[in-house]
Amino acid sequence: MIDRETIERIKDAAKVEEVVGDFVSLHRKGGNYWGCCPFHNEKTPSFSVSPAKGFFKCFGCGESGNAVGFLMKHEHYTYPEALQWLAKKYNIEIQEQELSEEQKQRNSERDVLYHVSDFAQQYFVSNLFDDEMGRAVGLSYFHKRGLNDDVIKAFGLGYCLDEWRAFTDHARKNGYSDTVLEKTGLTIFKEDGKYYDRFRGRVTFPIFSISGRVLGFSCRILTSDKTAAKYVNSPDSDIYNKGHILYGIYQAKAEIIRQDKCYLVEGNLDVVSMHQSGVKNTVASCGTALTTEQIRLIRRFTNNVTILYDGDAAGIKATKRAVNMLYSEGMKVRMVLFPDGEDPDSYAQKYGSTQLQEYLRHNEENFILYKLRVASDDIARDPIRKAEFLKELVDTIALVPDLLERNEYVSQCASLLETSERALANQLAMAIGRNLQKDSKPAAEPSTDATLPPPAEADDYPGPLPLPEDIVPLEAAADKAFNINEVGAAERHIIELLVNYGNNDILVDVENENGEIERVSATVAQVVVADMMADDLEPHHPVCQKIYSIYREAVLQDAQVPTAAYFSNLDDDKVLQSQAIAFMTEPPELSPTWQKKGIYVKSIADNIKEDVRQAMLDYKRLDVQRQIGEIARQLKTASPDDQLILFAKWKALKDKHVEICSSRNLRRIIT
């Protein structure tokens, strides 16, 4: 393990502009560097790198982070791998922390499992190419399936001899214990002391991790024995979990990134055949139905998935299930339907790579629109089937995360099936509500209008105003991408002041304990926190709550107020890091020509005192309006006695509203 001191040395040495500059062409403009974003296609640079704050931010796609985060995103490194890359770049010797005996034993056991899996893979490959029986049975099978030696070697395919204990005896001779062989599932041991090779008489498909380590095997029988399973897979172990890895991901990841698309097929041979046909961005689930973990693995490389499952009943059922799961994880889903009796492997073998790629290009379509098009004629005159189909379709549309995309599906569905768009929209809203309840998420996302209501009219009696939604826990808010536009303008401005200028000193007039006014120096964070606490105010949005609480604790404990660099280096909390960076703003840089002409414009920092004052006024005004709206709502159902009390409160709030709007009574004691 890399010790904490070394990690800090690496972070201190790493210059974000130098790290990003190794992968992106950057041009200096003022205090920042700009270039085209490497995470989405663009022609006009919107990718900014700030050396002063130590982070990058794309104003097009929203990606942000520090030097470590850039490497993890761009190169798909793990956190330790990114640190090692930086240590090598800046010639920092990594000091490793001493592990406990338990950690050493666990790591040692895992290393042995990796080692024996790699040993088995090399043994199976040797059988395939060097053993006479392996060539006659295993290699000839692959050749009959149309695979050439290059792709066979690229995927490390092999053959386990059709002998009871050939591999196990070979592994024992090379020092591997029965315990290790049993844990990896390579050997099956019986209670009576007998044992045999799990994969005997089968061709072997090794399953690689993203970094290329052998985790396990999926092995196919070559005989027509109907009593034996067609495929036998390695059992789950300390290094292998079939629901967490995808077959072919190691070979496909670079092409998935390059094309920003992943083809998802059913079988191992489909993956290998597609790869040989030039469609190298193809993966398959490892002997299990598609899982959430596998989808998230794909999402590390792309959000675009095209399903190529078989067209039989089982394939259609698997497709429906996979599509709903993919949409639930925010993926964009398309599909290709092959002709009857064909799958990706058979089509590639029959027609060749060129025609396969052409077929994929011309027959790929949106899954929801495909279902809609196919079903529209079939169910038009059957109300019962039509209603069932619409319910099923709406349940799928409800999983689509993008609001505009959902609305477009509803519109097209209503048009093609000649049904009420309003009725479909109502069904969709109910389906979304059911999904949110099932996932223990709020039924509605906090909106700007709900959090900070619009200004009240100057009537004597206020109309009803919306109340803030229940505060959502930060953990729930982190399940979806943070959208800064969800935060009310006044609340957003306060958090922006804290994140960007919280450590800046300003001079403020305060009333001391003797009732005298004196001018003191205080940080922006001290002024904001004191003012918020004096009026018992708290941000409504969960992200703002979390960031504000960090500054409040620093002020109350008289500790160092966090700077922008503090959030840039929050590698242990990527969610909070990215959310805080979203609030970081870059001050506009004026041309020096203005100064040459004798025109001087105050910067944001020069105006920060007045900016803080106005921000707090706006926030208080809106909070008072919220309270006025609440009382107006209570007055409608209150008893006569309660109405008198409520009206008195309402009048006091109205007076306070006038007072705030006239910018009076703003002196606070900073403690």
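Predicted model, so just to flag it, every value in this text is computed and none were measured.
In this structure, N148 and V151 have side chains that are in contact, with non-hydrogen atoms separated by less than 4.5 Å. Between Q294 and I298 the shortest side-chain heavy-atom distance does not fall below 4.5 Å. Using a 4.5 Å heavy-atom cutoff, the side chains of T168 and L186 are not in contact. Contact annotation: the side chain of V323 approaches that of T396 to within less than 4.5 Å [non-hydrogen atoms, C-beta and beyond]. Looking at heavy atoms from C-beta onward, Q355 lies in side-chain contact with Y347 at the 4.5 angstrom threshold. Proximity of K242 to I207: side-chain heavy atoms (C-beta onward) are nowhere separated by under 4.5 Å. When side chains are defined from C-beta on, I295 counts as touching M331, because their heavy atoms get closer than 4.5 Å. Counting heavy atoms from C-beta on, the side chains of M325 and T292 come closer than 4.5 Å.
For the side chain to side chain contact (heavy atoms under 4.5 Å, CB included) test with K261, the passing option among N303, N281, V305, I256 is N281; the others fail. Of the candidates Q251, R258, E255, Q259, E255 is the only one forming a side chain to side chain contact (heavy atoms under 4.5 Å, CB included) with K280.
T291 places a side-chain N or O within 3.5 Å of a backbone atom of G243 that can act as its donor or acceptor partner. A donor-acceptor contact shorter than 3.5 Å links the side chain of Q276 to the backbone of G146. One N or O on the side chain of S117 and one on the backbone of L113 form a donor-acceptor pair closer than 3.5 Å. Side-chain atoms of Q121 come within 3.5 Å of backbone atoms of G156 as a donor-acceptor pair (strictly under, hydrogens ignored). Without hydrogens or angle criteria, S328 side chain to L399 main chain gives no donor-acceptor distance under 3.5 Å. A side-chain donor-acceptor contact under 3.5 Å links N304 to the backbone of D260. Distance alone, capped at 3.5 Å, is enough to place a donor-acceptor pair between the R135 side chain and the F129 backbone. Side-chain atoms of Q357 do not come within 3.5 Å of backbone N or O of V279 as any donor-acceptor pair. At least one donor-acceptor pair under 3.5 Å links the side chain of R299 to the backbone N or O of E329. In this structure a side-chain-to-backbone donor-acceptor pair under 3.5 Å is present from S140 to A136.
E388 has no carboxylate O lying under 4.0 Å from a charged side-chain N of K391, or vice versa, which leaves the two without a salt bridge. Here K332 does not pair with E405 in a salt bridge; the nearest charged N to carboxylate O distance is not below 4.0 Å. Between E358 and R361, at least one side-chain N (NZ, or NE/NH1/NH2) sits under 4.0 Å from a carboxylate O, which counts as a salt bridge.
A ring-centre distance under 6.0 Å is found for F39 and F70. Taking the centre of each ring, F47 and F56 come in below the 6.0 Å mark. Under the 6.0 Å cut-off for aromatic ring centres, Y141 and Y159 do not qualify, their centroids lying 6.0 Å or more apart.
In this structure, R202 CZ and I221 CD1 are separated by 4.5 Å, a value rounded to the nearest 0.5 Å. Atom OH of Y247 and atom CZ of F217 lie 11.0 Å apart (nearest 0.5 Å). For the atom pair CD1 (I94) and CD (Q84), the distance works out to 5.0 Å, reported to the nearest 0.5 Å.
Stacking of K253 on the aromatic ring of Y250 is not recorded, the 6.0 Å distance cut-off and the 45° axial limit not both being met.
Within 6.0 Å of the NE2 atom in H115, the count of heavy atoms belonging to other residues, nucleotides or ligands does not exceed 12. Counted within 6.0 Å of NZ on K183, heavy atoms from surrounding residues, nucleotides or ligands total 12 or fewer; the atom is thus considered open.
The two residues G138 and V203 have their closest heavy-atom pair at CA-CG1, 3.9 Å. When every heavy atom of L308 is checked against every heavy atom of P344, the shortest pair comes out as O-CG, 3.6 Å. Shortest non-hydrogen contact noted between F142 and I152 is CB-CD1, 3.6 Å. Scanning both residues, A431 and V394, for their nearest heavy atoms gives CB-CG1, 4.2 Å. Minimum heavy-atom separation, A322 to L290: CB-CD2, 3.8 Å. Closest heavy-atom contact between V16 and S50: CG1-O, 3.8 Å.
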Kindly indicate, with the supporting measurements, whether the criterion side-chain contact (heavy atoms from CB on, under 4.5 Å) is fulfilled by L139 and D149.
-> CA-CA 9 Å; L139 190 60; D149 287 354; 4.0 Å; yes
Could you walk me through whether D270 and S273 pass the side chain to side chain donor-acceptor pair (under 3.5 Å) test, one step at a time?
-> CA-CA 5 Å; D270 291 329; S273 186; over 6 Å; no
With side-chain contact (heavy atoms from CB on, under 4.5 Å) as the test, would you mind laying out the steps for V68 and Y79 before giving the verdict?
-> CA-CA 7 Å; V68 176; Y79 183 64; 3.7 Å; yes
Begin with the C-alpha distance, continue with both residues' side-chain angles, and end with the deciding distance and a verdict on side-chain contact (heavy atoms from CB on, under 4.5 Å) for E266 and D343.
-> CA-CA 9 Å; E266 287 189 279; D343 57 30; over 6 Å; no
Stepwise side chain to side chain donor-acceptor pair (under 3.5 Å) test for E364 and T306 | CA-CA 8 Å; E364 183 178 86; T306 299; 2.7 Å; yes
Apply the test side chain to side chain donor-acceptor pair (under 3.5 Å) to residues N268 and Y231: give CA-CA distance (whole Å), side-chain angles for both, the deciding distance (0.1 Å), then the verdict.
-> CA-CA 10 Å; N268 302 344; Y231 275 93; 4.8 Å; no
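Between F119 and Y123, the two ring planes are parallel [angle under 30°; tilted spans 30° to 60°]. W164 and Y196 have perpendicular rings, their planes meeting at more than 60° on a 0 to 90° scale where under 30° would count as parallel. Ring pair F338/Y359 is parallel by interplanar angle, where below 30° counts as parallel and above 60° as perpendicular.
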